[in-house]
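Position 1 is the first residue of the sequence; numbering continues from there.
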Amino acid sequence: MKIKKLSFSKLIDWYWDELFFIRKKLGKERFFGNEDPCQCETENIIDNSSSPKVMRSFMLIAVLLDQMMWTHYRDNYQTFRDKFKLPKLYSHGTAGMSSSNWFVYSYNDHNNPNQINWITTKDVANVILVGFYKWLKVEAERDTYRMFQLTILDEINNEFENENRNKLHAIVSDVHSDLIYL
């Protein structure tokens with residue numbers, strides 16, 4: 001899959017198409033969270049996708065972005081959600097949502113800490129965040145735009161373990177350094 005050639009909207013469409021075909025392949029009408037998966041279903045979704053590395057990276061960044069908008073920018077959330085239908089990740093065993101950290105959490109990796117591909121994650125994050133920031137630049141005031149850049153870095157610091165935090169922080173910071181060209 002040539003990620004760099006995709007738009008944010010096309011990447012979202014790919015995700016939902018993949019989920020449709022994965023459900024058919026597994027004989028499921030829906031996931032535990034209805035159209036969005038529960039934590040317990042994520043590895044099965046990733047393994048059965050046409051591109052597991054892209055799927056894990058997409059879910060990581062997309063869930064992080066959706067949760068950020070819901071948590072910190074609720075006034076803009078419905079407008080955001082109308083434009084970008086990103087996946088949610090339901091928590092297994094408790095009510096509510098789970099952190100995007102789930103996709104890189106070492107326990108989840110079944111003793112395989114190298115399951116995430118950081119090069120793919122950087123490409124996916126670039127597509128998602130540049131697409132998001134283009135939209136945000138039009139939809140929000142300049143202060144909100146700058147505040148979001150700081151908020152996502154703070155959220156990464158709060159949600160992720162050391163090594164993953166540092167890698168994800170570097171990826172997002174690289175995207176932010178390219179935003180001057182938007």
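A salt bridge does not link Glu161 with Arg165: every distance from a Lys NZ or Arg NE/NH1/NH2 to an Asp or Glu carboxylate oxygen is 4.0 Å or more. Comment: Glu18 does not engage Lys25 in a salt bridge, judged by the lack of any side-chain N to carboxylate O separation of less than 4.0 angstrom.
In terms of modelled atom types and a separation under 3.5 Å, the side chain of Arg56 and the main chain of Asp47 share no donor-acceptor contact. In this structure, the side chain of Thr42 engages the main chain of Gln39 through a donor-acceptor pair within 3.5 Å. The backbone N or O of Lys122 sits nowhere less than 3.5 Å from a side-chain atom of Asn126 that would complete a donor-acceptor pair. Not a single donor-acceptor pair under 3.5 Å links the side chain of Arg74 to the backbone N or O of Met69.
Under the 4.5 Å side-chain contact rule for hydrophobic residues, Ile152 and Leu150 share a cluster.
Judged purely by distance below 3.5 Å, without hydrogens or angles, the side chains of Asn48 and Asn44 pair a donor atom with an acceptor atom. Using modelled atom types and a 3.5 Å distance limit, the side chains of Thr121 and Ser57 yield a donor-acceptor pair.
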* Tyr133 vs Gln149, side chain to side chain contact (heavy atoms under 4.5 Å, CB included): CA-CA, chis, key distance, verdict -> CA-CA 9 Å; Tyr133 284 125; Gln149 292 177 16; 3.6 Å; yes
* To do: Give the C-alpha distance, both sets of side-chain angles, the deciding distance and a yes or no for side chain to side chain contact (heavy atoms under 4.5 Å, CB included) between Asp36 and Leu89.
  => CA-CA 6 Å; Asp36 292 301; Leu89 178 62; over 6 Å; no
* Going through the checks in order, is the side chain to side chain contact (heavy atoms under 4.5 Å, CB included) test met by Ser7 and Val127? -> CA-CA 6 Å; Ser7 68; Val127 169; 5.8 Å; no
* Asked: How far apart are the C-alpha atoms of Val124 and Lys53, what are their side-chain angles, what is the distance that settles it, and do they pass the side chain to side chain contact (heavy atoms under 4.5 Å, CB included) test?
  -> CA-CA 10 Å; Val124 168; Lys53 291 176 185 177; over 6 Å; no
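Ring-plane geometry between Phe58 and Trp14 is classed as perpendicular, the angle between the planes exceeding 60 degrees on a 0 to 90 degree scale with a lower cut at 30.
For the pair Leu86 and Arg81, the minimum side-chain heavy-atom distance is below 4.5 Å. The closest side-chain heavy-atom distance from Pro37 to Tyr90 is not below 4.5 Å.
Residues Ser173 and Leu153 share a closest heavy-atom pair of OG-CD2, 3.9 Å. The two residues Asn76 and Trp135 make their nearest non-hydrogen contact at O-CH2, 4.5 Å. Closest approach of Ile46 to Met59, counting heavy atoms only: CG1-SD, 4.3 Å. Of all the heavy atoms in Val63 and Ser98, the pair that sits closest is CG1-O, 4.2 Å. In plain terms, the two heavy atoms of Ser99 and Glu159 that are nearest each other are OG-OE1, 2.7 Å. Closest approach of Asn117 to Ile119, counting heavy atoms only: OD1-N, 3.1 Å.
Remark: aromatic rings of Tyr73 and Phe80 are distant, center separation not under 6.0 Å. Checked against a 6.0 Å centroid threshold, the rings of Phe160 and His169 do not count as neighbours. Between Phe84 and Phe8, the gap from one ring centroid to the other is short of 6.0 Å.
Rounding to the nearest 0.5 Å gives a distance of 8.0 Å between CG of Asp154 and CE of Met68. Taking SG of Cys38 as the reference point, atom NZ of Lys88 lies at 15.0 Å (rounded to 0.5 Å). For the atom pair CD1 of Ile3 and CD1 of Ile128, the computed distance is 9.5 Å after rounding to the nearest 0.5 Å. Separating the CD1 atom in Ile45 from the CG atom in Leu19 is a distance of 5.0 Å, to the nearest 0.5 Å. Taken from CD1 in Ile61 to CZ in Phe132, the straight-line distance is 13.0 Å, to the nearest 0.5 Å. A distance of 9.5 Å separates CG of Asn157 from CD of Glu155, quoted to the nearest 0.5 Å.
In this structure, Glu139 places its CD atom where more than 12 heavy-atom neighbours from other residues, nucleotides or ligands lie under 6.0 Å away.
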